[in-house]
Number of protein chains: 2
Amino acid sequence: MLTLAGLIERHRFPDGYRRMFLAAVGAFSERGFHGTTTREIASRAGMSPAALYVHFGSKEEVLYRIASSALDLTLEVVSEAADPALPPSGRLQSVVRVLTAWHAYHSATARVVLHQLDALTPEHLTEVAAKQREVTRVVRRIIAEGVSTGEFAAADIAGAATATLSLCLDVARWYRPGDRRTPEEISALNADAALRIVGAR
Amino acid sequence: MLTLAGLIERHRFPDGYRRMFLAAVGAFSERGFHGTTTREIASRAGMSPAALYVHFGSKEEVLYRIASSALDLTLEVVSEAADPALPPSGRLQSVVRVLTAWHAYHSATARVVLHQLDALTPEHLTEVAAKQREVTRVVRRIIAEGVSTGEFAAADIAGAATATLSLCLDVARWYRPGDRRTPEEISALNADAALRIVGAR
DNA sequence: GTCTATACAGGGATAGAC
DNA sequence: GTCTATCCCTGTATAGAC
C-alpha cells in the first residue's frame, strides 16, 4: 500500500521538510495541535525551532499540509479500491478493507485528521472538509448501487454509509501498532461486518 | 434519560462550580483542552478567571471531574439497560440504544471523554481509563452470553464488541444537536446494525 | 538552510481586597 | 465566594550570523 512517507517521497520535498512533517504528525497525534509546541516538533526532528519556519509559514500550515496530503492519499487509495469492474459487494469489501487498513497503519495521522482540524483557519478547514466528504460519497455511492441492483437490502442508505464509515474510522481511536490483531485481520472483520450492515444477500 | 446536568444537580455542587463545569465542557469540546484558556472558561461561565480556582485546583482537575462524572453516568445508564431479565439480543439492543443516544445527546461531553484524556495526569488517566474499560466489558459480556446460548453467531467476540462500540461511540464524532436524524432514530439504526454484526438469528 | 539569541504576546495560577 | 491586579513562565515567530 502507498504510505504517507511514500507520498512525501514522491513529492521530493527537502529533507528538513520531511523530518519536520513527520515529527509534527507524531507530536500532534500524541498531544494534539495546541498541546504541541513548535519547540517539541523541532526537537523530534533533531533541528532548531527556527528551522520549522524555513519550510512552513506557521504551525497551522504544518497541520494543514498533514491533513491535506493525508486525505489526498486516502482518496487515492479508496478510489483505486472502488474498482468499477467489481460488483457492489466486492467493491464495498475492497473499500472497507483499505479504509480500515489505512486507519490502522496510519492511526497517528488519522487521529490528527479526525480530531485536530478545528485548529485550521476557516479557509483551510473548508478545503480539507471537502476532501473528507469525498470519501463519504464514495462509500455512499457503492451502497446506493448495491441497493438499486437488489444486492443490498439496506433501508437507509445514508445511515448504512455512516455506520460503515464508523467501523473504519474508529479504528484510529483504539488501534495501536503492535496490537494483538493485525490490520489485515481487522480489515477482514470490518469488511464482513459492513456486508451484514447493508444486508448483502 | 439521566443527563449530565442532572448528575451535577444530584450532587448539589455550588452554583459557581456548575457554571464553570458546564462552560469547560463546551470549551473543551470545541477547542480541545490545550486550546482552551482558563480565561475562556471563566468568560463563558460569566465569572472572573480567579473564580475557577475557588472550585478546582487546576485546569487539569476540571477535565478530570468532567471525564470521571461523565463515565460514571455512562456506566450507570448502561448497567441499567443491561437488564438481566432480557435475553442477550434484547439486552444488546437496549445497551446499544442507550449508548448511542448518550453519545448523541451528550456529544460535546463525549468528544472530551474520547479525545482529551491524554491531558490528564497519569494517576487520573489510569482511573478514568478503568471506567472506560468497564463499558467495553458490559458489551463483551452480552455478546459472549448470546454466543454461548446460540442466539448469536459471532466467531470473534472481542471483534464484534469493538465493532459494536465503534458504531455507538463514533456518533459523538459526527452528530450535532439539530441533526436531520434524531438520537432515537440513530439508536434504532445502530441497534439493528449491532444485531446483524453479532449474527443474531 | 541551519543555527543562536531574543522579542513579545498569552496563559496558568496566586495575592489580597471586599 | 467573587473580584481586580499581577506574577512569571511558556510559546510562536523573527533577526541576523554563518
Side-chain angles (χ1 to χ4, degrees), chain A residues 8-9 11-67 112 116-125, chain B residues 8-9 11-67 112 116-125:
Chain A
I8 300 171
E9 194 73 34
H11 282 272
R12 317 230 170 171
F13 288 120
D15 182 61
Y17 180 100
R18 278 185 243 185
R19 280 156 63 201
M20 286 290 186
F21 184 102
L22 295 172
V25 169
F28 289 167
S29 73
E30 288 172 25
R31 326 241 322 113
F33 177 81
H34 294 292
T36 299
T37 66
T38 52
R39 290 181 219 271
E40 168 71 11
I41 297 171
S43 165
R44 287 189 187 221
M47 299 172 85
S48 76
L52 191 147
Y53 295 91
V54 173
H55 302 288
F56 303 91
S58 67
K59 190 172 102 167
E60 187 272 345
E61 194 190 315
V62 180
L63 176 62
Y64 167 64
R65 298 266 185 218
I66 291 170
V112 174
Q116 304 298 327
L117 302 190
D118 54 312
L120 290 174
T121 63
E123 294 74 26
H124 285 163
L125 179 58
Chain B
I8 301 170
E9 194 74 35
H11 282 271
R12 318 232 169 166
F13 288 119
D15 182 61
Y17 180 100
R18 278 185 244 184
R19 279 155 65 201
M20 286 291 185
F21 184 101
L22 294 171
V25 169
F28 289 166
S29 74
E30 288 172 25
R31 327 241 323 114
F33 177 81
H34 294 292
T36 298
T37 67
T38 53
R39 286 170 168 83
E40 167 72 11
I41 297 171
S43 165
R44 288 188 186 220
M47 300 173 83
S48 76
L52 191 147
Y53 295 92
V54 173
H55 302 289
F56 302 91
S58 67
K59 191 173 100 165
E60 187 271 345
E61 193 190 315
V62 181
L63 176 63
Y64 166 64
R65 298 265 185 219
I66 291 170
V112 175
Q116 305 297 326
L117 302 190
D118 55 311
L120 290 174
T121 62
E123 294 74 25
H124 285 163
L125 179 57

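Chain A is the first sequence line, chain B the second, and so forth, proteins listed ahead of strands; every chain is numbered from 1.
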Would you kindly give the [atom1]-to-[atom2] distance between [X] and [N], to the nearest whole Å?
X     : N      : atom1 : atom2 : answer
B/H34 : D/dT12 : NE2   : C1'   : 17 Å
A/L63 : D/dT12 : CG    : P     : 13 Å
A/E61 : D/dA13 : CD    : P     : 10 Å
B/F56 : D/dT2  : CZ    : P     : 11 Å
B/M47 : D/dT2  : CE    : P     : 4 Å
A/I41 : D/dG11 : CD1   : P     : 12 Å
B/F28 : C/dG12 : CZ    : C1'   : 12 Å
B/L52 : D/dC3  : CG    : P     : 11 Å

Assess the residue pair A/E30 and A/R44 against the criterion (salt bridge (Lys or Arg N to Asp or Glu O under 4.0 Å)); give the C-alpha distance rounded to whole Å, side-chain angles, the decisive distance to 0.1 Å, and a yes or no.
CA-CA 13 Å; A/E30 288 172 25; A/R44 287 189 187 221; 2.9 Å; yes
Proximity of B/F56 and B/Y17 rings by center, below 6.0 Å
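Between B/F56 and B/Y17, the centre distance is under 6.0 Å.
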If you check every side-chain atom of B/T37, which of D/dC3, C/dG11, D/dT12 has the closest atom?
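In terms of side-chain proximity for B/T37, the closest of D/dC3, C/dG11, D/dT12 is C/dG11.
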Nearest listed nucleotide, side chain of A/S48, among C/dG1, C/dT4, D/dG1:
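Among C/dG1, C/dT4, D/dG1, the one nearest the side chain of A/S48 is C/dT4.
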Could one point to a donor on the side chain of B/R39 or the base of C/dG12 with an acceptor on the other under 3.5 Å away?
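Flag set: donor-acceptor pair detected.
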Are OP1 or OP2 of [N] and a side-chain N or O of [X] less than 4.0 angstrom apart?
X     : N      : answer
A/T38 : D/dT12 : yes
A/Y53 : D/dA13 : yes
B/H55 : D/dT2  : yes

What contact category does B/A50 fall into here, base, sugar-phosphate, or nothing, at under 4.0 angstrom with non-hydrogen atoms?
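Counting heavy atoms under 4.0 Å across all strands, the contact made by B/A50 includes a base.
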Option from A/V25, A/T36, A/T121, A/L120 for which side-chain contact (heavy atoms from CB on, under 4.5 Å) with A/L63 holds:
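Answer to the side-chain contact (heavy atoms from CB on, under 4.5 Å) test with A/L63 among A/V25, A/T36, A/T121, A/L120: A/L120.
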Is the closest side-chain heavy-atom distance between B/E40 and B/T37 below 4.5 Å?
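Yes, close enough: below the 4.5 Å cut-off.
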Is there a side-chain contact between A/Y53 and A/T38, using heavy atoms and a 4.5 Å cut-off?
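Yes, their side chains come closer than 4.5 Å.
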